[in-house]
2 protein chains.
Amino acid sequence: MVINKSTYKDYVVAHVYERLQKGELNPGDQVLESHLATELGLSRAPIREALQQLVADGLLTYKPQVGNFVAALSPKEIIDAYVTRGLLEGFAVAEALEHYTEEDLEDLEEYCLRMEKHARRGKQKELIEIGTEFHQLLFNKSNNIQLIEYTQRLSHKLHLLFYKHWASLYTPEEIRDRHQELVCVLRKKERPLVEQALREHYNETGQKVARLYEENEEGE
Amino acid sequence: MVINKSTYKDYVVAHVYERLQKGELNPGDQVLESHLATELGLSRAPIREALQQLVADGLLTYKPQVGNFVAALSPKEIIDAYVTRGLLEGFAVAEALEHYTEEDLEDLEEYCLRMEKHARRGKQKELIEIGTEFHQLLFNKSNNIQLIEYTQRLSHKLHLLFYKHWASLYTPEEIRDRHQELVCVLRKKERPLVEQALREHYNETGQKVARLYEENEEGE
DNA sequence: TTCTCCGCAGATGTCGACAATCGACAATCG
DNA sequence: CGATTGTCGATTGTCGACATCTGCGGAGAA
């Protein structure tokens, strides 16, 4: 039942994702249409479509008559993006507050422990996987389609752009505590608290990531 | 200083906007590439790019191998979109709270009166123009780029899809009162109140618009 | 030497033609 | 007569070629 009724576009998008994850494409790099075309054995038409979608997702920046570049967010933009994500996810979770069963909460707590374990052993890939599942379980209870769409997009963008730093931001204990704190607040079933907690959760991370880029790169 | 350094794409996008505003394109209609191409005397390439952008903006829906259709939001989706807009705009305004001068607030109050006046005289076009300016002035004080991007997109989408109903939603007095209420809350300079007020402002409108579509159309 | 201007790759923008696919109608079979 | 299958027109997906634009680098003059 692998329908995948779709076109080359998705294939190209997936390919660029990979290149980004592998670090073969870095912020500021130009992404050449012809290069991708020969690389994948396609014409430029589907490539262009894929690139346009990536621009819409915020992973690439488009300069008319010049080309597409891997998004290079300034520290301010990084913070903005994380703040916005906290806003969206906080609201989504708060709206779905009554839909979390005790079972869900226990699952979440288990995720916290597993995250700590993986972080301790340096298993970055697993850590990120669980972290993603944690947040997916959180905001996927929302049934606000519009909200989910934006949240997914932003989440995706941040994931691909900053995924590589996640291990260096927090200690294993911090990772556990920060997420357990969220579960705690969730238990209280009070909307404003939940919103606030998730906002701060992402604000912190945004600050940290931004600081990383302040040191390494000069302002634009 | 008509730079317009850009390409046909923006031209096509603008054209489709017009068709939407004029009501020549209605929710559910298919938007044919070849049709637009002959209509504008272009090849399909720039048309496809424009359509893809419109899909990213949420104005069109894309079905692979079938085509692009004017978005037909269900009542639930309409509410979701307005709720999300309230969330975004509420936060943006709350964050920029200290940047509003007394002058700004007075301008806003003047807008309220002008809106009422235009509404009373049935000048729909002017009413919408002022309404747009009102909200622009509100959330453009924010300097969170990411937030502005999403807010603009959503605002644009709702504007084009539901603009035609705006006159029938509220009486002139209601329009004035609802917006004056916002200015009032703004004066108090308390973030939670501001957020709450804007959320409710859009929730109300979302409910009303959704109800309009419940009557006229059957569920999907 | 340094500044300016011109020309040249190399990239994106656009085009017209062809291939693949979908939806609807019509013909065929039970 | 109803359901299934085959066929056809229309629309999207892809392609290769050409047009246009940008930024860079070298030639020439002050």
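Order of the sequence lines sets the chain letters (A, B, ...), proteins ahead of strands, with each chain counted from 1. If you're wondering where the values come from, they're calculated on a predicted model, not measured in any experiment. The basis for the numbers below is simple: all heavy atoms, side chains too, and nothing from hydrogens, waters or symmetry mates.
- Checked by atom type and distance alone, the side chain of Gln146(B) never pairs as donor or acceptor with a backbone atom of Val83(A) at under 3.5 Å.
- The separation between Leu40(A) atom CG and dG16(D) atom C1' is 17 Å, rounded to whole Å.
- When all heavy atoms of Arg44(B) and Ala37(B) are compared, the pair lying nearest together is CG-CB, 4.1 Å.
- A search for salt bridge (Lys or Arg N to Asp or Glu O under 4.0 Å) contacts involving Glu49(B) returns Arg48(A), not counting sequence neighbours.
- Screening Thr84(B), Leu87(B), Asp57(B) for a side chain to side chain contact (heavy atoms under 4.5 Å, CB included) involving Leu154(B) leaves a single residue, Thr84(B).
- Contacts classified as salt bridge (charged side-chain N to carboxylate O under 4.0 Å, His left out) and involving residues 147-159 of chain B (residues at least two apart or in different chains) are given here: Glu149(B)-Arg153(B).
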Requested in this report: Would you mind building the protein contact string for nucleotides 9-15 of chain D? One character per nucleotide, 5' to 3', B for base within reach (heavy atoms under 4.0 Å), S for sugar-phosphate only, - for untouched.
Outcome: --SBBBB
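- For His201(B) (side chain) and Ala197(B) (main-chain N/O), no donor-acceptor pair under 3.5 Å exists by modelled atom type.
- Rounded to whole Å, the distance from CD1 on Ile47(B) to P on dG13(C) is 15 Å.
- Consecutive Watson-Crick or G-U pairs involving DNA chain C, each under 3.5 Å on both distances, make up stems of three or more pairs at C:1-30 with D:1-30.
- Applying the salt bridge (Lys or Arg N to Asp or Glu O under 4.0 Å) rule to Asp80(B) yields the partners Lys76(B); only residues at least two apart in sequence or on another chain are considered.
- The salt bridge (Lys or Arg N to Asp or Glu O under 4.0 Å) test applied to Glu126(A) returns no partner, not counting sequence neighbours.
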